[in-house]
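Read through the structure below, which is laid out as structure tokens, and then see the notes.
In what follows, chains carry the letters A, B, and so on, assigned in the order in which the sequence lines appear, proteins first and then strands, with residues in each chain numbered from 1. It should be emphasised that the depicted structure is a prediction, and the values quoted were computed from it without experimental measurement.
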2 protein chains.
Amino acid sequence: MVKLMDAIVKEPFDREKQFAAKRRAVIASAGQAFRRKGYHNISMVEIAKTLGLSKAALYYYVSNKEEVLFECHLMTYDAMDAILKTKPSSVTNTLDYLQALYIDFVRLLTQSGVSLLTDVDSLTDDNKAFVISRRNKIERKIIRLVKEGQKDGSIRAGDARLIVFFFMGALNWLNAWYDTSGRLVDEDIARHFGEQMRAGIAA
Amino acid sequence: MVKLMDAIVKEPFDREKQFAAKRRAVIASAGQAFRRKGYHNISMVEIAKTLGLSKAALYYYVSNKEEVLFECHLMTYDAMDAILKTKPSSVTNTLDYLQALYIDFVRLLTQSGVSLLTDVDSLTDDNKAFVISRRNKIERKIIRLVKEGQKDGSIRAGDARLIVFFFMGALNWLNAWYDTSGRLVDEDIARHFGEQMRAGIAA
DNA sequence: CATAAATTTGACTCTTGAGTCAAATTTATT
DNA sequence: AATAAATTTGACTCAAGAGTCAAATTTATG
């Protein structure tokens, strides 16, 4: 068995970096599993074995299962925030910009290992609240963009919240079928989703 | 506490009907709970208490938890099949028909207690396969419709499968946020989703 | 190559929740 | 009211999986 963890060794040998990197690898790998089978259908032992570790070793990097789920969510929202920081490249209108963002979101979910997790209800109340607030923050940002687009005439009228829920739903659902329909090319999905999203809201 | 089960008494007194009705009530109530908190975050005891029963009584109607989840899925797909049986009312083109179907789907999810369940991975392999095959059947039917629409010129070109995944995703995701955003009116959601779906695929 | 810190492990404990069952209770019917 | 079937229950068993810990092993560095 190839031990995933071996790959991560950094050079001058910084213990903290090493540890942090392995920890990240643990979270990421667990995230994959959570997405594929669901949080409760995957055990810590399985997660450990996938990485070539024993359960006890896993707990050296992580203090409990829920923490892992929590950090998975954080990783995803960090990545989305990063995309949202991108400024509109030039004179494009809001619709164009929104479409570009959306395509980046799709790419994030298909190409990187990052996934939009669902099992929010399995989180502690505190963590759940935190994760939801981050999601809301992103949602609000996009809603604001839609409203702008409605002002500058590039996006058609209608409840901005519903408009956003619709296409963000399509995005969220991606993870549910993406794994199992291999014959679709990532970039094709991104392009197509970008177009269908745009057509759905263009003025 | 109001015992939900009391409401269901039928008249001439048919034992089988009575039993079947209560059983359905159990499944439906459990389905609500599954949707709200997730299959694994709700115990059989909780489901029982919601109905004013003890766990043991619950097991009089149902042989195990997984069976309940399975039947929830079946109920949903039955309802969707029923909608899909609706023939296009008159001379409308395929796009109009598809939009009408879609609006009915949204209504199904917002107005009735029926919900699109996610925890497919918590099912037995057999049941999982069965449920997925039913979902695929529905998906294929809709894909076929899209292709028809592309032929008759009402729907724009593009990979029919991706087109369907997109708007069905928006639909699936409804359940995730619907509960918690009460200020939206059901019929508004249906109308809006219908429009955005149509605009996204119209030729 | 000695050593101290970092990492890993096997073998545990403990909790939660699914599922069972014999006995108690309720109900429709005579 | 008596009774037989249907329904409900309390009090169990059992398995799975999360989390712990002292001891063993590996590793970077002098």
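- Distance B:Asn41 CG to D:dA18 P: 13 Å, rounded to the nearest Å.
- Regarding A:His40, its NE2 atom lies at a distance of 12 Å from the P atom of C:dA18, rounded to whole Å.
- In this structure, the OH atom of B:Tyr60 is 18 Å from the P atom of C:dT25, given to the nearest Å.
- The residues A:Arg134 and A:Asp81 are annotated as salt-bridged, a charged nitrogen and a carboxylate oxygen being separated by less than 4.0 angstrom.
- Taking OH of B:Tyr102 as the start and CE of B:Met197 as the end, the distance is 6.5 Å to the nearest 0.5 Å.
- Here the side chain of A:Leu53 is nearest to one of D:dT8, C:dT8, D:dA18, namely C:dT8.
- Contacts of A:Ile47 with the nucleic acid, taken as non-hydrogen atoms under 4.0 Å apart, are absent.
- Taking a 4.0 Å limit (strictly below) on heavy-atom distances, residues 62-73 of chain B reaches DNA chain C at B:Asn64, B:Lys65.
- Rounded to whole angstrom, the span from the CD atom of A:Gln18 across to the C1' atom of C:dT7 amounts to 11 Å.
- Of the two residues near DNA chain D, B:Phe19 and A:Glu46, the one whose nearest nucleotide lies more 5' is B:Phe19.
- In this structure, a donor-acceptor pair under 3.5 Å is absent between the side chains of A:Glu195 and A:Gln99.
- Across all strands shown, D:dG19 forms a Watson-Crick or G-U wobble pair, both distances under 3.5 Å, with C:dC12.
- When rounded to the nearest whole Å, the span between NZ of B:Lys49 and C1' of D:dG10 equals 13 Å.
- Under the rule for a side chain to side chain contact (heavy atoms under 4.5 Å, CB included), the partners of B:Glu46 that lie at least two apart in sequence or sit in another chain are B:Ile42, B:Ser43.
- Rounded to whole angstrom, the span from the NZ atom of A:Lys55 across to the P atom of D:dG17 amounts to 10 Å.
- Between A:Lys17 atom NZ and D:dA28 atom P there is a gap of 17 Å when expressed in whole angstrom units.
- Comment: A:Arg107 engages A:Glu187 in a salt bridge, judged by a side-chain N to carboxylate O separation of less than 4.0 angstrom.
- B:Tyr59 has its OH atom 7 Å from the P atom of C:dT20, to the nearest Å.
- We find the OG1-NE2 distance between A:Thr76 and A:His73 to be 7.0 Å, quoted to the nearest 0.5 Å.
- Projected onto DNA chain D by closest heavy-atom contact, A:Ala56 and A:Ser43 fall at different nucleotides, the more 5' of which corresponds to A:Ser43.
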If you look only at distance, which donor and acceptor atoms sit under 3.5 Å apart when one is on a side chain in residues 117-131 of chain B and the other is two or more places apart or in another chain?
from	atom 1	to	atom 2	distance (Å)
B:Asp119	OD2	B:Tyr39	N	3.2
B:Asp121	OD1	B:Lys128	NZ	3.0
B:Ser122	OG	A:Asn41	ND2	3.1
B:Ser122	OG	B:His40	NE2	3.0
B:Thr124	OG1	B:Glu66	OE1	3.4
B:Thr124	OG1	B:Glu66	OE2	2.4
B:Asn127	ND2	B:Glu66	OE1	3.0
B:Asn127	ND2	B:Glu66	OE2	3.3

